[in-house]
Amino acid sequence: MGFSSVTYILVFFIATLSSFISCAPQVPCYFIFGDSLYDNGNNNNLVTEARANYPPYGIDFPDGPTGRFSNGRNIADVIAQLLGFEKSIPPYATASPNEAVLGVNYASGAAGIRDETGQHMGGRISLNQQIAHHATTILQLADLIGNGNLKKVRKHLNKCIYTVAMGNNDFINNYFSPQHYKTSSLYTPEEYAEQLVQQYSKQLSILYKYGARNFGISGSSYSGCAPEMMTRYDSDVCVDAINGAVVQFNAKLVAALAELESNLTGAKFVYIEPSLGYSTDFNVTDKPCCTVSTTIGAGQCAPNQVPCDSRQNYVFWDAFHPTEGISLVDGAAAYEALSPLYAEETKGTLPILEAFVNDI
């Protein structure tokens, strides 16, 4: 049985305290690939509607609006903090080579597995481009820690955790946007899922070639439950057509990850199950906390508007993205799922914490 939402948040704070006491991250480095659920500033200087570097985004984040599509921390921040990193992993757009030793966040709002995904919104950094950016980082690390020797860098990368969270936009900003893309007329949902997973597998294999060994791969979210998609489909419940397509993709992804682990020597692939439903602590599930714009990116917050007061009760911050409270829950769940990838001496941390919380 999984933790409740409240328990996950308790575990988050206890595990964070444990990490600080240990004075060292549980892994030497953490690299992040993904979309707006993980983006922490890579889209800020792009010509795009997929940006979040303006108020009220960041209203509960110490640095204010940073490019996170949230009122506060996102899932990547939570995972990094639980792993024991003192600071959030910096975005590729601003990361220095010295910072990159500990990891880089390449995630980009509106990005997808397919290169054309999200193009109607303007600039974004597709997964292929994110992987190319990682290759650039590796060359920088070769000079910094490898004395020009890529083998030394790969040895370092072999110990890192890589999380990849892609696929969301390939549905909401591609397949289910027929006014902008032809994919829904070219493929059935099952055929599209198969095509996506085949391409995704090739991309993950490239990361393996570059030195990645420890992968945490998130399933696509059930975006049929996002307020924006419910509005588009004039529905007051989750859109089954979208969630059904996501289920097919995730099932094929799980099978593909098992095959990759079998074929790629030394690789570990952990599947991170997307959440579908939260505890009653989050009792506003069908509308966003912020006022949604009618002029910029669909579903995003209107600039400089005052959001709801009871953010702790909302699942959605804007019409697509979760509140910080939900990111605490999902980040703690992801951290638990990633436990097979921790260093051996830290693998028992979460069960101990769970037992502690159950005794509270």
Side-chain angles (χ1 to χ4, degrees), residues 29-54 57-58 65-70 74-77 79-80 88-97 99-100 103-141 157 160 162-175 177 180-181 183 196 199-210 212 215-218 220-221 223 296-300 318 320-321:
C29 36
Y30 174 33
F31 291 97
I32 301 154
F33 301 78
D35 54 27
S36 53
L37 295 178
Y38 285 70
D39 187 355
N40 63 346
N42 285 309
N43 279 20
N44 288 356
N45 295 319
L46 300 183
V47 179
T48 181
E49 294 183 353
R51 287 192 297 111
N53 58 336
Y54 59 87
Y57 289 104
T66 58
R68 291 166 170 83
F69 292 74
S70 173
N74 64 22
I75 297 170
D77 296 317
I79 294 173
S88 293
I89 302 300
Y92 176 79
T94 60
S96 69
E99 289 176 318
V104 176
N105 185 334
Y106 303 95
S108 170
I113 295 167
R114 294 174 66 95
D115 287 339
E116 84 276 8
T117 289
Q119 66 184 4
H120 68 286
M121 300 187 71
R124 71 269 172 242
I125 307 165
S126 69
L127 181 54
N128 281 332
Q129 291 174 300
Q130 292 179 35
I131 293 170
H133 286 167
H134 187 51
T136 299
T137 298
I138 291 171
L139 292 177
Q140 294 173 337
L141 292 177
L157 299 179
C160 305
Y162 283 66
T163 57
V164 190
M166 299 297 286
N168 299 312
N169 287 304
D170 294 291
F171 289 102
I172 60 178
N173 285 316
N174 193 321
Y175 193 81
S177 293
H180 299 295
Y181 307 93
T183 45
L196 280 180
Q199 184 171 348
Y200 203 4
S201 294
K202 293 176 182 177
Q203 292 162 328
L204 295 175
S205 296
I206 293 172
L207 286 176
Y208 173 86
K209 179 181 177 182
Y210 288 167
F215 295 87
I217 310 299
S218 296
S220 182
S221 300
S223 48
I296 59 175
Q300 293 177 207
D318 61 18
F320 275 123
H321 304 99

Please identify each residue that fulfils side chain to side chain contact (heavy atoms under 4.5 Å, CB included) with [X], with sequence neighbours left out.
X: L46; value: N43, T48, I125
X: S218; value: Y38, A165, I272
X: N128; value: D115, S126, Q199, Q203
X: D35; value: L37, N168, N169

Testing the 3.5 Å rule here: is there a donor-acceptor pair between the side chains of [X] and [Y]?
X: S36; Y: H321; value: yes
X: T66; Y: R68; value: yes
X: S108; Y: N42; value: no
X: Y210; Y: H134; value: no

Do the non-hydrogen side-chain atoms of [X] and [Y] ever get within less than 4.5 Å of each other?
X: H120; Y: E49; value: no
X: L196; Y: Y175; value: no
X: F171; Y: S220; value: yes
X: Q300; Y: M121; value: yes
X: L207; Y: V164; value: yes

*Measure up the F33 and Y162 rings against each other and bin them: parallel (under 30°), tilted (30 to 60°), perpendicular (over 60°).*
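The rings of F33 and Y162 lie parallel, inter-plane angle below 30°.
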*Relative to the ring of Y57, is the ring of F69 parallel (under 30°), tilted (30 to 60°) or perpendicular (over 60°)?*
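Geometry flag for Y57 against F69: perpendicular rings.
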*Apply the test side chain to side chain contact (heavy atoms under 4.5 Å, CB included) to residues H180 and Q119: give CA-CA distance (whole Å), side-chain angles for both, the deciding distance (0.1 Å), then the verdict.*
CA-CA 9 Å; H180 299 295; Q119 66 184 4; over 6 Å; no
*Sequence-distant partners of R51, salt bridge (charged side-chain N to carboxylate O under 4.0 Å, His left out), two or more places apart*: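 Scan of R51 (salt bridge (charged side-chain N to carboxylate O under 4.0 Å, His left out), adjacent residues dropped) gives none.
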_Listed partners of E99 passing salt bridge (charged side-chain N to carboxylate O under 4.0 Å, His left out), at least two apart_ =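 Salt bridge (charged side-chain N to carboxylate O under 4.0 Å, His left out) list for E99, sorted by chain: empty.
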*Kindly indicate, with the supporting measurements, whether the criterion side chain to side chain contact (heavy atoms under 4.5 Å, CB included) is fulfilled by I217 and Y200.*
CA-CA 11 Å; I217 310 299; Y200 203 4; 3.6 Å; yes
*Criterion side chain to side chain contact (heavy atoms under 4.5 Å, CB included) on L127 and Y106, from CA distance to verdict*: CA-CA 9 Å; L127 181 54; Y106 303 95; over 6 Å; no
*List the steps, then state whether side chain to side chain contact (heavy atoms under 4.5 Å, CB included) holds for I138 with L157.*
CA-CA 9 Å; I138 291 171; L157 299 179; 3.8 Å; yes
